[in-house]
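Input: a single structure, listed below in structure tokens.
Counting convention: from 1, in listed order, for ligands and their atoms alike. No experiment lies behind these values; they were computed from the predicted model shown.
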Amino acid sequence: MTSSHDFDLLVIGAGSGGVRASRMAAAKGAKVAVVESRYLGGTCVNVGCVPKKLFVYASQYPHYFKDSIGYGYTVDNMPRFDWERLRDNKTSEIQRLNGIYERMLEGAGVTILEGEGRFVDAHTVAVGDQTYSAANILIATGSWPVIPEIPGDEHIVTSNEVFYLPDFPEEVIVIGGGYIAVEFAGIFNGLGAKTHLVYRGEPVLRGFDDDVRTFISDHLDQAGIQLHYHSTIESVEKLSTGRYCATLNDGRTLEADLLVCATGRKPLVDGLDLSKAGVVLAPEGHVSVNDHYQTNVPHIFALGDVIGRVQLTPVALAEGMYVADYLFGDSPKAVDYQSIPTAVFCQPNFATVGLSEADAASLYDRVEVYVANFKAMRNTLSGNPERTLMKLVVDANTQAVLGIHMVGEDAGEIIQGLAVALTAGATKADFDRTIGIHPTAAEEFVTMRTPSRIVGRAVD
Ligand code: NDP
């Protein structure tokens, strides 16, 4: 690259999207720096997807210990759980990944600048007392958890802190009904804490398919999580016992050792001095970008959580690829926001791609809905009451599969493959002529023959 600047691309934020864009740009010959003040790998690696999934695995063991009895094992005493060991082993694993990220960036020739980046002008970023100029700048600063302002909110923690708790709580209140709340309620409950979920709506996971939401809510209840629907926390008080007392909107009180708020994440733009670069924020607080991830200042780009679109690591990765290709390659591939597969690692896991039944019914004239709700083979001898839900949403006119949903063991692993089929435009006939793998739960997806119901704009 030819440039009078220190760098062809300076990336602020070494999270999923920032690291991907940096590495790909460097691989295409650009001179790249990435600024990071906190940790390499961002939320996903440090206080998100990765440690969360490790905790989910940990929280599933008590189930497996109990289930093994039906399979012939004698479990005289349930194994004792040691929070400190789990927490510290997780931290060691994260540090290992941080090292991999560092070596990956350095191996790609990316300069890592440690510190907070802030704009000095549209081509200059200060890090500590040094300034660096760049032909292009990418804002990839991610997002940060939001805690609603209430009296006593200083007693509430977020997912950031949960990964480093000094002690495991005996009783916990999780606030929210989205991804993080549902996942952490499952983790705390599985690891043995008495768990309350306080959600302002009902059932959990607004925005997803209604059958799925009800099914997951029923399983949260069945797992022993205390569900408080249509509830918000109005205030929190610290008691002399060291516990906390939360007052709900209906006047009831709940006591717990820990309150965890999971009520969404806001774009992280604090301290960037965006105005010095002339970058304008959207009224909602995110950095607005066009189809090429350009802000209102064309050589300043943004991606990932900070742009207020989709807060998912694989989406940020795809956006990072696009920006690197757009700037230094020749064939950037637009990110397909239509059919983003996603999973919620509640227990059992939930994964989905495409349209919910309700969305399909509002967009298409006739929609065939195939539903299977069954006990997976693993749960026969174990006596585990957990069930599996699978759902296909199909355009009756074209037979195109519009939505695929599953709640059950390894749903994420199964839906990832089916997402390829949906993205490729598979029809129900393609599913029907696919031979099942027997005996699996997944084979149900290719053996559902009779619609459970027909819905749609043309259906009364
Ligand atoms: P979500 O947006 O998923 O959920 C926020 C929840 O908090 C909703 O239930 C919402 O209620 C509720 N809420 C919002 N504001 C308030 C308020 N003022 N008072 C009470 N309740 C409130 O956010 P999360 O924090 O769970 O996660 C953030 C994002 O991170 C997710 O959207 C997802 O994109 C990503 N993520 C992805 C994961 C994965 O891929 N497995 C895992 C974890 C996070 P309502 O439904 O009524 O709006």
Side-chain angles (χ1 to χ4, degrees), residues 15-17 42-57 142-150 153 156-163 173-187 196-208 210 212-213 216-217 220 227-236 246-250 259-268 284-286 304-319 337 340-353 356 406-407 410-413 415-416 419:
S16 304
T43 300
C44 173
V45 169
N46 294 276
V47 287
C49 324
V50 174
K52 180 274 309 289
K53 189 85 186 278
L54 294 173
F55 282 6
V56 169
Y57 286 137
S143 62
W144 201 251
V146 188
I147 300 181
E149 283 182 26
I150 53 166
D153 54 12
I156 303 176
V157 303
T158 69
S159 49
N160 283 350
E161 290 76 41
V162 162
F163 294 108
I173 299 169
V174 180
I175 309 160
Y179 278 85
I180 297 179
V182 170
E183 291 182 339
F184 272 102
I187 290 169
H196 302 267
L197 186 71
V198 175
Y199 175 41
R200 66 182 180 183
E202 179 182 9
V204 293
L205 294 173
R206 188 170 63 81
F208 290 106
D210 289 333
V212 163
R213 296 177 64 198
I216 291 174
S217 291
L220 295 174
L227 301 169
H228 306 271
Y229 288 131
H230 307 290
S231 298
T232 51
I233 295 203
E234 301 296 300
S235 65
V236 182
T247 303
L248 275 57
N249 51 330
D250 60 5
L259 284 100
V260 182
C261 189
T263 51
R265 301 175 59 90
K266 69 171 175 58
L268 192 51
E284 300 82 17
H286 60 260
D305 287 8
V306 80
I307 63 172
R309 288 189 186 174
V310 182
Q311 295 180 333
L312 294 174
T313 289
V315 175
L317 295 178
E319 292 168 348
Y337 291 95
I340 297 171
T342 185
V344 182
F345 294 98
C346 49
Q347 299 174 33
N349 293 177
F350 159 50
T352 178
V353 60
S356 67
M406 173 176 174
V407 189
D410 290 331
E413 310 290 344
I415 293 293
Q416 181 66 82

| Ala419: partners by side chain to side chain contact (heavy atoms under 4.5 Å, CB included), with sequence neighbours left out |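 Ala419 satisfies side chain to side chain contact (heavy atoms under 4.5 Å, CB included) with Pro341, Val353, Gln416 once adjacent residues are dropped.
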| said: My understanding is that only residues two or more places apart in sequence, or in another chain, count here; which of them pass salt bridge (charged side-chain N to carboxylate O under 4.0 Å, His left out) with Glu319? | reply: none
| message | Just to verify, what does Lys266 make a salt bridge (charged side-chain N to carboxylate O under 4.0 Å, His left out) with, not counting sequence neighbours? | response |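 Checked Lys266 against salt bridge (charged side-chain N to carboxylate O under 4.0 Å, His left out); matches are Asp270.
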| request: Sort out the contact shell of ligand 1: every protein residue with a heavy-atom distance below 4.0 Å, listed by chain and number. | output: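 Only Lys52, Pro148, Gly176, Gly177, Gly178, Tyr179, Ile180, Glu183, Tyr199, Arg200, Arg206, Ala262, Thr263, Gly264, Arg265, Gln311, Leu312, Ala343, Phe345 have heavy atoms that fall under 4.0 Å of ligand 1, ordered by chain and number.
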| field | Within-4.5 Å side-chain heavy-atom neighbours: Tyr179 and Phe208 | value |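 Yes, close enough: below the 4.5 Å cut-off.
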| task | For atom OH of Tyr57, decide whether the heavy atoms of other residues, nucleotides or ligands shown that lie under 6.0 angstrom number more than 12. | result |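 Result for OH/Tyr57: open.
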| message | Is the distance from the ring center of Phe163 to that of Phe55 below 6.0 Å? | response |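 Centroid distance Phe163-Phe55: below 6.0 Å, so yes.
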